[in-house]
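Inspection log for the structure reproduced underneath, given as structure tokens.
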Amino acid sequence: MIRAGAPMQPNQYRDIRLEKLDKLKALGLDVWPRKAKRTHGIAQLAEIYADAEAWPNEKLEGLGMTASVMGRVLTIREMGKSVFAHLTENGEKLQAFFRKDDVAEPGWDVLKLLDMGDFVSVTGPLMRTKTGELSVRVKEVQFLSKALLPLPEKWHGLQDKEQRYRQRYLDLISNGDVLKTFQTRSRIVSGIRRFMEGQGYLEVETPMMQPIPGGATARPFITHHNALDMSLYLRIAPELYLKRLIVGGFEKVFEINRNFRNEGLSVRHNPEFTMMEFYAAGQDLRDMMALTEDLISGLARDVMGSETLPWGEQPISYAKPFRRLTLKDAIAEYGHIDRHLLEDGDSVRALAKAVHIEDAGAKTVGTLLGDLFEHHAEKQLIQPTFITDYPIELSPLTKTLEGDDRFVDRFELFTGGMELANAYSELNDPVDQMGRFQAQMAERDAGNDEAMLLDMDFVTSLEHGFPPCGGEGIGIDRLVMLLTNSASIRDVILFPLMRPTKPSETEEKE
RNA sequence: GGGCCCUUAGCUCAGCGGUAGAGCAGCGGCCUUUUAAGCCGUUGGCCGCGGGUUCAAAUCCCGCAGGGCCCA
């Protein structure tokens, strides 16, 4: 596969196009000019003169304007002594109309050597064709860049998913929706930054390489620092560092950056993924909920244009307020299970065994409640729903509920059947925190290699005084999936992780 | 990790024991308002890789690689 990508291998297409390049040089052209002649962007012209009734051909010609636009040649339709071509720039298209009698030398010869995929700049007045399409009547052509390899098929685009991910640039060129999705992702992320800054949060950066990976339960990637001769871990979460900043006196901080978790791939998981975490001194879980609703419904409205957006077969409403449900109530409702059975350890264990949950005999009741929730409820939570009152075993960094120390003041937001956000009233009692870490270490000794490691410096920071604090993480990739109706996380990550097609050169050297 | 499926021309796909096919793209013609332009002609293939079965394998069997979907 991907033979066309093999660099500089002899290839029918490359050879012919290299010959054309020589012919262009022979015409005396600078075939790799340093700058494009351009007075307007294609999007700009397409927008201003979009309305065919407001801008009929006579009126366009009456403007007496000359525009220069640059773009990649997407299609060429040759009609004897005239040629139509579509140029594309930034996802927008504009037609160029060449007539042999109109084009100044050596324009017509250049045209004969033009291929789909090349870049050109064209100059001329605007016009509208018989069929009403806005076009540039080309008087002058500037050749900008030769594509030596052909574009994917113009009608079907690039379909092969493997090649779409491996050669994302081809996917972006030939599948218009893909470029739109990633442009939208960019707008969503900048919308998030605007919102957070508007709420008084400061963006900070904390270590991606950590000596002790903390803040989440997950297997880390490990790497090595040569000069210090030490192991380092790619972070699984920034949490413990952001909290140190709260200790240090920041009131509100957020970070949007990559986390790395050494786990499998799926339509919802990529080993590196983007997360926003934020912390606000003096606040609690209720404040995090309100902010989350404001943020997400605001993004739906302001970036996507509606609080109700399509998601597969079923639209999702991001209108406030989102539904709230305790973990146990969610199990009861979606699993059609008598609520009272969830209050008793033996019956919880029996329910877990009934649905074949692994090690159901050995796990704690709280852990089993988490498993039952995942089994019965998670996939069914399509509309945004805050799940609250998590078992303490699943939440080593969270304050307990008032009056019930088996459960903690935490929510996870589920949407489209996915975990989208996770928030706590942060644990700030250093003695309690030390005990929770010890419980995690015991779990680790018992064989759970995802259990948290003790970070003594973090505990020390709490001992210097940590205010009450609300904290939350929001999965940015999943948020983009939801807002753009993308079924796979690979459709919202530009370069998802792929196995190499053959051993890389660095590996061969080692 | 388990199950199912895919891999054939640059791209999109047929073909499923008997000489390797189509559309688009390319190349050569015709055509001065086309838009999946049209018409005539034409080049292009380690049928993912390696074994096997067979007189004969793209096609059947086994293994490997890469990918996809579902489940855990």
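All values derive from a computational prediction rather than experimental measurement. Side chains included, hydrogens not; waters and symmetry mates left out as well; all remaining heavy atoms used.
Between A/Asp118 and A/Arg72 there is no salt bridge, since no side-chain N of the basic residue sits under 4.0 Å from a carboxylate O of the acidic one. A/Lys363 has no carboxylate O lying under 4.0 Å from a charged side-chain N of A/Glu358, or vice versa, which leaves the two without a salt bridge. In summary, A/Asp109 and A/Lys23 do not engage in a salt bridge, as defined by a charged side-chain N under 4.0 Å from a carboxylate O. Using a 4.0 Å cut-off between a side-chain N of Lys or Arg and a carboxylate O of Asp or Glu, A/Asp449 and A/Arg444 do not qualify as a salt bridge.
Checked against B/rG68, B/rC69, B/rU33, the side chain of A/Val267 finds its nearest nucleotide in B/rC69. Closest to the side chain of A/Arg166, out of B/rG44, B/rA36, B/rG66, is B/rG66. Listed nucleotides B/rC69, B/rC11, B/rU33 differ in distance to A/Lys161; the shortest reach to its side chain belongs to B/rC69. Nearest nucleotide to the A/Phe97 side chain, out of B/rU33, B/rG66, B/rC27: B/rU33. Closest to the A/Pro150 side chain, of the nucleotides B/rG10, B/rU12, B/rU33, is B/rG10. Distance from the side chain of A/Ile16 is smallest for B/rC27 among the nucleotides B/rC27, B/rG10, B/rU33. Looking at the side chain of A/Asp101, the nearest of the listed nucleotides B/rU12, B/rU32, B/rU33 is B/rU32. Taking every side-chain heavy atom of A/Leu158 into account, B/rC11 is the closest of B/rC11, B/rG26, B/rU34. Comparing B/rU34, B/rG66, B/rG26 by their nearest atom to the side chain of A/Met116 picks out B/rG26.
Residue A/Arg490 places at least one side-chain N or O under 4.0 Å from the OP1 or OP2 atom of B/rG68. A sub-4.0 Å separation between OP1 or OP2 of B/rG67 and a side-chain N or O of A/Arg499 is present. For A/Lys81 and B/rC30, the shortest distance from a side-chain N or O to OP1 or OP2 is not below 4.0 Å. Under 4.0 angstrom from either OP1 or OP2 of B/rG10 there lies no side-chain N or O belonging to A/Gln12. In terms of phosphate contacts, A/Arg268 brings no side-chain nitrogen or oxygen within less than 4.0 Å of OP1 or OP2 of B/rC70.
Whole-Å rounding puts the A/His269 NE2 to B/rG1 C1' distance at 15 Å. Rounded to a whole Å, the CG atom of A/Leu497 is 11 Å from the P atom of B/rG68. In this structure, A/Glu153 atom CD and B/rU12 atom P are separated by 8 Å, rounded to whole Å. A/Phe98 has its CZ atom 18 Å from the C1' atom of B/rC31, to the nearest Å. In this structure, CD of A/Glu78 is placed 16 Å from P of B/rC39, rounded to the nearest angstrom. Rounded to an integer number of Å, the gap from CE of A/Met498 to C1' of B/rU7 is 13 Å. Here the P atom of nucleotide B/rU12 and the CG atom of A/Asp171 are 11 Å apart, to the nearest Å.
When only modelled atom types and interatomic distance are considered, A/His156 and A/Gln159 share no side-chain donor-acceptor pair under 3.5 Å.
Taking atom C1' on both nucleotides, B/rG52 is separated from B/rA56 by 15 Å, rounded to a whole Å.
For B/rU33, its base sits under 3.5 Å from the side chain of A/Arg137 at one donor and acceptor pair at least. On a pure distance criterion of 3.5 Å, no polar donor-acceptor pair joins the side chain of A/Tyr13 and the base of B/rG26.
If you check B/rC30 for Watson-Crick or wobble pairing at under 3.5 angstrom, you find it paired to B/rG38. If you check B/rC55 for Watson-Crick or wobble pairing at under 3.5 angstrom, you find it paired to B/rG18. Here B/rC4 sits opposite B/rG68 as a Watson-Crick or G-U wobble pair (both hydrogen-bonding atom distances under 3.5 Å). Under the Watson-Crick or G-U wobble criterion, with both distances below 3.5 Å, B/rG10 is paired with B/rC24. Nucleotide B/rG63 forms a pair with B/rC49, judged by Watson-Crick or G-U wobble geometry with both contacts under 3.5 Å.
Within the nucleic acid shown, A/Asp102 has no heavy atom closer than 4.0 Å to any nucleic acid atom. Within the 4.0 angstrom heavy-atom criterion, no nucleotide atom of any strand lies near A/Val83. A/Arg99 comes within 4.0 angstrom of a nucleotide base, judged by non-hydrogen atoms across all strands. Using a 4.0 Å heavy-atom criterion, one finds that A/Gly157 contacts the sugar-phosphate atoms exclusively. A/Glu358 comes within contact range of no nucleotide atom at all, as no heavy-atom separation falls under 4.0 Å.
Between A/Phe414 and A/Phe322, the distance separating the two ring centers is not shorter than 6.0 angstrom.
A cation-pi geometry, defined here as NZ or CZ lying under 6.0 Å from the six-membered ring centre and within 45° of its normal, holds between A/Arg410 and A/Tyr390.
Looking at A/Ile337, A/Leu342, A/Asp338 one by one, the single match for side chain to side chain contact (heavy atoms under 4.5 Å, CB included) with A/His340 turns out to be A/Asp338.
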